[in-house]
Amino acid sequence: MEIILSNSSNKPIYEQIVSQIKAMIMNGTLKPGDTLPSIRGLAKSLHISVITSQHAYEDLARDGFIETVAGKGTFVSLQNKDFVREEQLRILEAKAEELVEAAKMNGIPLSQLIDTITLLYKED
């Protein structure tokens with residue numbers, strides 16, 4: 001599992017970890033049941049605080065992406081496809097909000113925005 005942290009990012013380190021692990025789970029790089037490094041192991045490999053890696057794992061567990069079994073380790077959750085689809089839709093909605101806001105700020109009518117999205121969606 002490769003996580004790349006950026007000191008110049010405006011996102012906190014734990015959020016960078018969370019978003020990268022979520023992406024790896026959603027794109028299938030990490031599969032249900034895969035073992036993740038321990039909190040200490042993650043902290044050591046990324047040269048970060050144990051508290052930071054713990055914060056990231058707590059967020060991932062809260063969102064249902066990972067689960068920790070006492071004495072056994074941390075694993076990618078055995079998720080159902082509906083959960084993954086819901087997360088993908090949530091990400092898509094956030095990007096759509098940005099797109100709509102940019103269109104409004106630039107005076108692009110809804111019909112033109114829909115035509116552009118339709119054209120892009122149908123491209124191969």
Side-chain angles (χ1 to χ4, degrees):
M1 179 174 79
E2 183 179 352
I3 295 176
I4 300 168
L5 301 177
S6 170
N7 289 331
S8 61
S9 173
N10 59 354
K11 286 173 95 175
I13 292 173
Y14 81 92
E15 283 183 13
Q16 293 178 51
I17 295 167
V18 168
S19 64
Q20 289 181 52
I21 291 176
K22 279 184 179 181
M24 286 186 265
I25 291 170
M26 291 175 59
N27 71 22
T29 303
L30 289 173
K31 304 201 179 330
D34 281 356
T35 304
L36 296 177
S38 67
I39 289 172
R40 287 179 193 255
L42 181 67
K44 186 176 180 180
S45 69
L46 296 176
H47 306 287
I48 60 172
S49 156
V50 171
I51 294 170
T52 301
S53 58
Q54 180 181 11
H55 191 174
Y57 274 17
E58 286 173 352
D59 282 8
L60 288 163
R62 183 196 65 232
D63 293 345
F65 283 91
I66 66 171
E67 51 193 40
T68 301
V69 179
K72 295 197 180 209
T74 303
F75 305 91
V76 175
S77 293
L78 303 174
Q79 305 170 15
N80 64 38
K81 291 183 181 180
D82 292 336
F83 178 79
V84 172
R85 180 168 167 71
E86 190 64 33
E87 180 68 13
Q88 290 170 333
L89 284 173
R90 187 190 64 74
I91 292 168
L92 183 62
E93 286 172 5
K95 291 182 181 195
E97 285 178 5
E98 291 177 25
L99 178 66
V100 168
E101 194 61 36
K104 286 179 179 179
M105 286 177 34
N106 291 293
I108 298 169
L110 177 60
S111 60
Q112 187 176 358
L113 180 61
I114 291 171
D115 289 345
T116 302
I117 291 170
T118 303
L119 180 67
L120 291 171
Y121 190 85
K122 290 181 178 180
E123 283 184 355
D124 289 330

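Atoms CD1 and CG, from I21 and L42 in turn, are 6.0 Å apart once rounded to the nearest 0.5 Å. In this structure, CD in Q16 is found 9.0 Å from CG in N10, a value given to the nearest 0.5 Å. The line from CD1 of I114 to CD1 of I108 is 12.5 Å long, rounded to the nearest 0.5 Å. How far CD1 of I17 is from OG of S53: 6.5 Å, rounded to the nearest 0.5 Å. Going from atom CG of L36 over to atom OG1 of T68 covers 8.5 Å, rounded to the nearest 0.5 Å. Rounded to the nearest 0.5 angstrom, E93 CD and E98 CD are separated by 13.0 Å.
By the neighbour-count criterion of 12 heavy atoms within 6.0 Å, atom NZ of K11 is densely surrounded, having more than that number from other residues, nucleotides or ligands. Other residues, nucleotides and ligands contribute over 12 non-hydrogen atoms within 6.0 Å of the CG atom of L99.
When atom types are taken as modelled, the side chain of N27 and the backbone of T29 share a donor-acceptor pair closer than 3.5 angstrom.
Grouping the Ile, Leu, Val, Met, Phe, Trp and Tyr side chains by contacts below 4.5 angstrom, directly or via other members, places I66 with V50. With hydrophobic clusters built from ILVMFWY side chains whose heavy atoms lie under 4.5 angstrom apart, I39 shares a cluster with L46. Cluster annotation: I13 is connected to I3 through the hydrophobic network of ILVMFWY side chains, with a link wherever side-chain heavy atoms come within less than 4.5 Å. Connection of M26 to V76 is established within a shared hydrophobic cluster, with ILVMFWY side chains joined at heavy-atom distances below 4.5 Å, either directly or through further cluster members. Linking Ile, Leu, Val, Met, Phe, Trp and Tyr residues whenever their side-chain heavy atoms come within less than 4.5 Å leaves Y14 and I51 in two separate clusters.
For the pair I91 and K22, the minimum side-chain heavy-atom distance is 4.5 Å or more.
For the pair I4 and E2, the tightest heavy-atom approach, listed with the atom from each and the gap, is CD1-OE2, 3.7 Å.
Remark: D115 pairs with no residue by the side chain to side chain contact (heavy atoms under 4.5 Å, CB included) rule, at least two apart or across chains.
Side-chain polar atoms of Q54 and E58 form a donor-acceptor pair below 3.5 angstrom.
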